[in-house]
Amino acid sequence: MFDVITPLKEILAELPETVRLVAVSKYHPAEYIEAAYGAGQRIFGESIVQELVKKQELLPKDIEWHFIGHLQTNKVKYIAPFVSMIHAVDSLKLLKEINRQGEKCGRKIKCLLQLHIAREETKFGFSYTELEEMLVDGEWKNLPFVEICGIMCMASNTDDTEAIRKEFHGARLFFYKIKDEFFHDCPEFRECSYGMSHDYPIAIEEGSTLIRVGSKIFGPRIY
Ligand SMILES: *Cc1c(COP(=O)(O)O)cnc(C)c1O
């Protein structure tokens, strides 16, 4: 088994108090999660619904499960009863379905709005303009079983650290702008989820509050 504890402790040792670590355990077996759990880690990120449901049944109930992948509306119902946060909300339709399932379970579900900031075409998420239009439209305000806690994004897949920094910086400024315009009386709107294994130190410098780190902790994924 990959040595999970050493990299986990290294990351945690350097983490400012304002930043929380989501240990991304997708494609890794339950034993890896148990090892990290034994070292005190409680927040885990998964991106496939069936895999998350299986792991949630098997593993300790005080784990906070964050769903970080693209979520199809027809699968919200499987994770709604227990999920701690849904990171990648990229449409009003999905937000409405989360609200519907939250109501069924009698719980308010924490969500982040996914921004598309990377150069790659394939990644999901709202453009800055689309997100602003959705917020202006206002329908999201009538979803009492959804708690919008902030934004989530991924930087371009590049070695150009200044380009990555610029993308995170832009996302942070946009976060402040919409906080001011739409969420100024919502103390829960405070999360910026960005930073992965290769770019989380930059993300922290650029104001991330939730880093999502997988391979650096658990090793390469076997698909
Ligand atoms: C897989 C994944 C991560 C973690 O990626 P690593 O490079 O392994 O740290 C972070 N965020 C999302 C959305 C992911 O799908």
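In listed order, ligands and their atoms are each counted from 1. If you read the sequence from its start, that first residue is 1, and numbering goes on from there. Predicted model, so just to flag it, every value in this text is computed and none were measured.
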Residue-level breakdown please: for His198 versus ligand 1, do any non-hydrogen atoms fall below 4.0 Å on the side chain, on the backbone, on both, or on neither?
neither
Using heavy atoms and a threshold below 4.0 Å, how should the contact between Lys216 and ligand 1 be classified: side chain, backbone, both, or neither?
neither
Do the side chains of Ile33 and Tyr27 join up, straight or via other hydrophobic residues, at under 4.5 Å, putting them in one cluster?
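Shared cluster, no.
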Are Leu58 and Ile63 linked, directly or through other ILVMFWY residues, by side chains that come within less than 4.5 angstrom of each other?
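In one cluster with Leu58: Ile63, yes.
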What is the nearest protein non-hydrogen atom to [atom], stated with its residue, atom name and distance?
{"atom": "atom 5 (O) of ligand 1", "value": "Met196 CE, 3.6 Å"}
{"atom": "atom 12 (C) of ligand 1", "value": "Ile68 CD1, 3.5 Å"}
{"atom": "atom 3 (C) of ligand 1", "value": "Lys26 NZ, 3.9 Å"}

Quick check: Ser47 and ligand 1, any N/O pair under 3.5 Å apart?
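In fact, backbone or side chain, Ser47 has no N or O that close.
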Any sub-3.5 Å donor-acceptor pair from Tyr200's side-chain atoms to Tyr194's backbone N or O?
no
Which atom pairs, one a donor and one an acceptor, fall under 3.5 Å between side chains of residues 40-49 and the rest of the protein, sequence neighbours left out?
{"unit_1": "Gln41", "atom_1": "NE2", "unit_2": "Leu21", "atom_2": "O", "d": "2.9"}
{"unit_1": "Gln41", "atom_1": "NE2", "unit_2": "Ile43", "atom_2": "O", "d": "2.8"}
{"unit_1": "Arg42", "atom_1": "NE", "unit_2": "Asp62", "atom_2": "OD2", "d": "3.3"}
{"unit_1": "Arg42", "atom_1": "NH1", "unit_2": "Tyr37", "atom_2": "O", "d": "2.9"}
{"unit_1": "Glu46", "atom_1": "OE1", "unit_2": "Lys55", "atom_2": "NZ", "d": "3.4"}
{"unit_1": "Glu46", "atom_1": "OE2", "unit_2": "Ser25", "atom_2": "OG", "d": "2.6"}
{"unit_1": "Glu46", "atom_1": "OE2", "unit_2": "Lys55", "atom_2": "NZ", "d": "2.8"}

Contacting atoms of ligand 1, where contact means under 4.0 angstrom from a heavy atom of [X]:
{"X": "Val213", "answer": "9 (O)"}
{"X": "Met152", "answer": "13 (C)"}
{"X": "Gly214", "answer": "4 (C), 6 (P), 8 (O), 9 (O)"}

Could you name the option among Ser197, Gly219, Ser193 that has the heavy atom nearest to atom 6 (P) of ligand 1?
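Nearest heavy atom to atom 6 (P) of ligand 1 lies in Ser197.
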Which residue is it: Tyr128, Phe189, Phe182? I am looking for the one with a ring-ring contact (aromatic ring centres under 6.0 Å, His included) to Phe175.
Phe189
Determine whether Trp140 and Phe183 satisfy the following criterion, ring pair (Phe, Tyr, Trp, His ring centres under 6.0 Å), listing intermediate values before the conclusion.
CA-CA 12 Å; Trp140 58 276; Phe183 300 99; 4.9 Å; yes
Check the side chains of His87 and Ser193 for a donor-acceptor pair under 3.5 angstrom, ignoring hydrogens and angles.
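Per modelled atom types, Ser193 and His87 side chains form a pair under 3.5 Å.
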